[in-house]
K.L.:
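Just dropping this structure here.
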Amino acid sequence: MPGSVPGGDTPPHRYNAALAAEIEARWQARWAADGIYETPNPSGQLASDQGAGGPKLFIMDMFPYPSGSGLHVGHPLGYIATDVYVRFKRMAGFNVLYTMGFDAFGLPAEEHARQTGQHPRTNTEANIDNMRRQLDRLGLGHDKRRGVATTDVDYYRWTQWIFLQIFNSWFDPEAGRARPISELVDQFSSGARQAPDGRSFHGLSEAEQRELVDGHRLAYVADAPVNWCPALGTVLANEEVTNQGRSERGNHEVFKRPLKQWMMRITAYADRLLEDLDRLDWPESVKTMQRNWIGRSEGAFITFPAAGSLKEPSSDLEVFTTRPDTLFGTTYMVLAPEHPLVEVLTADAWPSGTPDYWTGGAATPSEAVAAYRARASEMSDADRSESKSGVFLGAMALVPFTDSRVPVFIADYVLMGYGTGAVMGVPGEDQRDREFAEAFGLPVVRTVQPPDDHPEDLAYTGDGPSINSRFLDGLDVEGSKALILERLEEAGLGRPTVNYRMRDWLFSRQRYWGEPIPIVHDEHGPVALPEDQLPVELPELVDWAPRALARDSEPEPPLGRVTEWVETDLDLGGGVRRYRRELNTMPQWAGSCWYYLRYLDPRNDGCLVDPDVERYWMADPEPEGVGGVDLYVGGVEHAVLHLLYARFWHKVLYDLGHVSGPEPFKRLVNQGYIQAYAFKDGRGIYVPADEVEGSLQAGFTHEGQPVTRELGKMGKSLKNSVTPDDMYASYGADTLRLYEMFMGPIDQDRPWETRSVIGSQRVLQRVWRNILDEETGELRVTDDGADDELLRLLHRTIDGVRSDMEGMRFNTAIAKLTELNNELTRRGSGAPRQVADAMVRMLAPLVPHFAEELWHLLHGDGAASVAQTGFPEADPALLVTDTVEVPVQVNGKVRGRVTLAADAGEEAAVSAALAEPNVAAHVGGRELRKQLYVPGRMIALVV
RNA sequence: GCGGACGUGGCGGAAUCAGGCAGACGCGCUGGGUUUAGGUCCCAGUACCCACCAGGGUGUGGGGGUUCGAAUCCCCCCGUCCGCACCA
């Protein structure tokens, strides 16, 4: 334990873990008592008598889930970074809103409840307390009054309120935005908008009217195939299912199951979610992930009349394609195995001449289809991609504008969830179709002339003149697309369309520990509760007994067990009636979709946020700006889910006039992960990393046995966690903060090395010693002014640290401060007061307790907090120098340095360079072919 | 396969935005000092090779190019990490 040796000869006033602990506790208590991190609102309950000074800034971390297992040193990395930045900005004169809440609904608390019988709220609150304790020790400058937990009834009341806003809205495609559902009802009612089948709205029954209107809502109930995860006892959003078809949480099996579920119409916002990405200051990787997730592609729907072996003559096939120009290269069609037309199209018997390998060896098409479907449902997605498979339906389809009849197959390379679940097979122009055609002996017709060097056996996807395409021949891809679409539209057989990979957001969960959905049901469907009946509080639920979570079980919302709660008598307008409550709860993402808004006005019980307060913090100063949180820091794992859902909700609230800008998060930074070495023994079992001995050269051992080293995520499973509590005990919170910020750029992953932490403590010890005598505790600062050289170094440091802090390059800011302090150390005497003063203020954002202690030693106990002083400003006059030392290159190699007047011209610079002996030796009297002087940077000579 | 990011000492990283002294700062390591000892703390050295020094040569994954000058800009290749992945 460095610095904590008892009874040694450690000087009594050395800065070590014990002293740090005392300083940190003392200042944290004082800061809390003085409320120095409380940020005023412009009006309302959190306004200040002094008013809100300086330009506003809203800085946020992604709020954590209060896990029961505690923190490791990787967790606070982002929090420390935002805290340093916030403190810097406050000292630079900004009114900064900075706080933290908890995303506290979720599965783990409910699982814990099932195991222990303890109410999830008890467990959740205990976890929050523990996490607060660990985080408070870091000295983060949060405005504690503003922290919220999504599980607070006063909070989820507003989550439910937002749900009602969404439920009570529809997306008007002409206006391109959400509007109140009442305006849609008015349109139907007045006849301005026709019901789809041309009937008058007033001619519809109540049930029909409700169904029509409900079908337009942004939150709606749909009977759709959903991801049912029996092991978790709930359905999951597409976003929560991995590519392997398993649950992201826990890696459990997930099954497709048709169910009535709440959906959110996020697809209506697909284009706006895509377009506005261009206006955000976000990492390019995150924008790319969102673009890929939305998956916009322009193409066309084309109708292929079914031909032959028809049970129903009208069962035409509609496909989606991005390449309508290749229509005449269609030599077959494929439906997804689950496609609803499969039953209709499947022939009674194989047409004569059907090859055996088209039948899957079955006696009839129906048997082949049944067998293929059964096989496909058992195969994992990974197995599927191995090779192309499928079976013939015995049916044919007609290619538009031709007499060409092509066979119809089902195959699992066509997905029901994308486009129409049916494709036209064009093996000449699509490599997947090519592979299928080869497997099934289907003809290949090229419709675009490939270049001469294009391999014969590959599809050609590039541009070129159309061939074998009738009236398209000779046109390029672009021209062919335009003409074929024109002809298809004339013929009523096709139209341009935009297709998205993104689907609507599946919003309901069969869980207890989530926000109740504020809906009741009557015989016609869902009815919104009026706002004055919010919150709908979670009923107490005592029955935590686990249910059988068998593979073939049905989703069962736990709230259904609270029978006296389920049935409720309400007067929603037409007198008291009996309603049945909605039993599903919201997904964990709901609470995190809008918490940044509640930070602004956490105690307001009249609205979710006061409009005046919202505008102050969220409106963009630039007229073209998107507004929102000025800086949002969090892990890249939320690139799609949380950040997409929050943007969607924010846009709905924007359309309805509740917020002032279209985007919630103007600037996003992803902090890197802290990795740690993990060690495996000979059996491949991880051993506790802190018990391993040895080195890379000598080899690593655990209890005498050799172990192998690898780098991985810090955590329990790799037995390589290091906790902040360990670091507080060994070094103190300020050293931990300094080390984490010094390790590297904020957005980069980096390996944790406990043995390196000592370096950051040494830096602080040396600063301490330059200001204070370790033996006596007396100040060592001198009242002599700093000499010119030191003063210039100080101001260069201020200039550099300021711009590094501004750019969140804390590692280089720390390096510059270390250099300044090393210079003081080199000089040996005490630091001149003005230098000590500036250095302490520059350190204050990084090591707030340490700096506060020194600040008060320098200025007396009655002084204001260093956090409330200004950040030092560089004197421009001290940044320019009279003379500069410039390297001299001869033929591209540095051969010497000369000192020049700062304003020296090229001739003076070159003659000074030639006078330098080593330069002269390399020039060797030869004639200069070229000379140039980049003022202050470089003299280059060419001979 | 497609898309993105990246590649610098034994290690983390700096210089990359704007081409201009590569290796700031820290860890580790080596030597020395303090200390009864270990640890702590302090001082010096530390890219590689040659050299007593002065100095010279090589060097930023590899190859090529632009330039007086390239870690930085351009092209090709190799490698690592991340995301997507039969999306019609």
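Computed from a predicted structure; not experimentally measured. Lettering follows sequence order; numbering is per chain, from 1. Side chains are part of it too, since the values below use all heavy atoms of this structure and drop only hydrogens, waters and symmetry mates.
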K.L.:
What's the gap between B/G79 and B/U66 when it is taken at their P atoms, as a whole Å value?
P.N.:
28 Å
K.L.:
Is it true that A/Arg291 and A/Glu284 have a side-chain N and a carboxylate O under 4.0 angstrom from each other?
P.N.:
yes
K.L.:
Below 4.0 angstrom from OP1 or OP2 of B/G26, is there any side-chain N or O of A/Asn822?
P.N.:
yes
K.L.:
Within less than 4.0 Å of OP1 or OP2 of B/A15, is there a side-chain N or O belonging to A/Thr812?
P.N.:
no
K.L.:
Using the C1' atom as the reference point in each nucleotide, state the distance between B/U67 and B/C50 in Å, no decimals.
P.N.:
31 Å
K.L.:
Is the shortest side-chain N to carboxylate O distance from A/Arg323 to A/Asp430 below 4.0 Å?
P.N.:
no
K.L.:
Do any side-chain nitrogens or oxygens of A/His922 fall under 4.0 Å of OP1 or OP2 in B/G55?
P.N.:
no
K.L.:
Base, sugar-phosphate alone, or nothing: which one does A/Val942 contact when heavy atoms must sit under 4.0 Å apart?
P.N.:
sugar-phosphate
K.L.:
Is it true that A/Glu823 and A/Arg826 have a side-chain N and a carboxylate O under 4.0 angstrom from each other?
P.N.:
yes
K.L.:
Between A/Arg291 and B/C84, is there a side-chain N or O to OP1/OP2 distance below 4.0 Å?
P.N.:
no
K.L.:
Can you tell me whether the base of B/G61 sits syn or anti, using the 90° cut around 0 to define syn?
P.N.:
anti
K.L.:
A/Asn891 near the nucleic acid: base, sugar-phosphate alone, or nothing, with a heavy-atom cut-off under 4.0 Å?
P.N.:
nothing
K.L.:
Pick from A/Tyr739, A/Tyr677, A/Tyr673: which one makes a ring-ring contact (aromatic ring centres under 6.0 Å, His included) with A/Trp752?
P.N.:
A/Tyr739
K.L.:
Distance check: side-chain N/O of A/Arg762 vs OP1/OP2 of B/C41, anything under 4.0 Å?
P.N.:
yes
K.L.:
Ignoring hydrogens and angles, are the base of B/C86 and the side chain of A/Lys388 linked by a donor-acceptor pair under 3.5 Å?
P.N.:
yes
K.L.:
Whom does B/A18 pair with, Watson-Crick or G-U wobble, provided both distances fall under 3.5 Å?
P.N.:
none
K.L.:
Taking any heavy-atom pair under 4.0 Å as a contact, classify A/Arg766: base, sugar-phosphate, or nothing.
P.N.:
sugar-phosphate
K.L.:
Identify the nucleotide, in any strand shown, that forms a Watson-Crick or G-U wobble pair with B/U30, with both distances under 3.5 Å; if there is none, say none.
P.N.:
B/A44
K.L.:
Using atom CE of A/Met289 as one end and atom P of B/A5 as the other, report the distance to the nearest whole Å.
P.N.:
12 Å
K.L.:
With a non-hydrogen cut-off below 4.0 angstrom, is A/Gln748 in contact with a base, only sugar-phosphate, or nothing?
P.N.:
sugar-phosphate
K.L.:
Quantified in whole Å, what is the P atom distance between nucleotide B/C75 and nucleotide B/C81?
P.N.:
25 Å
K.L.:
On a whole-Å scale, what distance lies between the P atoms belonging to B/C43 and B/U34?
P.N.:
15 Å
K.L.:
Answer yes if the ring centres of A/Phe850 and A/Tyr15 are under 6.0 angstrom apart, and no otherwise.
P.N.:
yes
K.L.:
Considering every strand and a 4.0 Å limit on heavy-atom distances, what is the contact class for A/Asn811: base, sugar-phosphate, or nothing?
P.N.:
sugar-phosphate
K.L.:
Using a 4.0 Å heavy-atom cut-off, does A/Ser760 contact any base of the nucleic acid, only the sugar-phosphate backbone, or nothing at all?
P.N.:
nothing
K.L.:
Rounded to the Å, how far apart are A/Arg755 CZ and B/G28 C1'?
P.N.:
5 Å
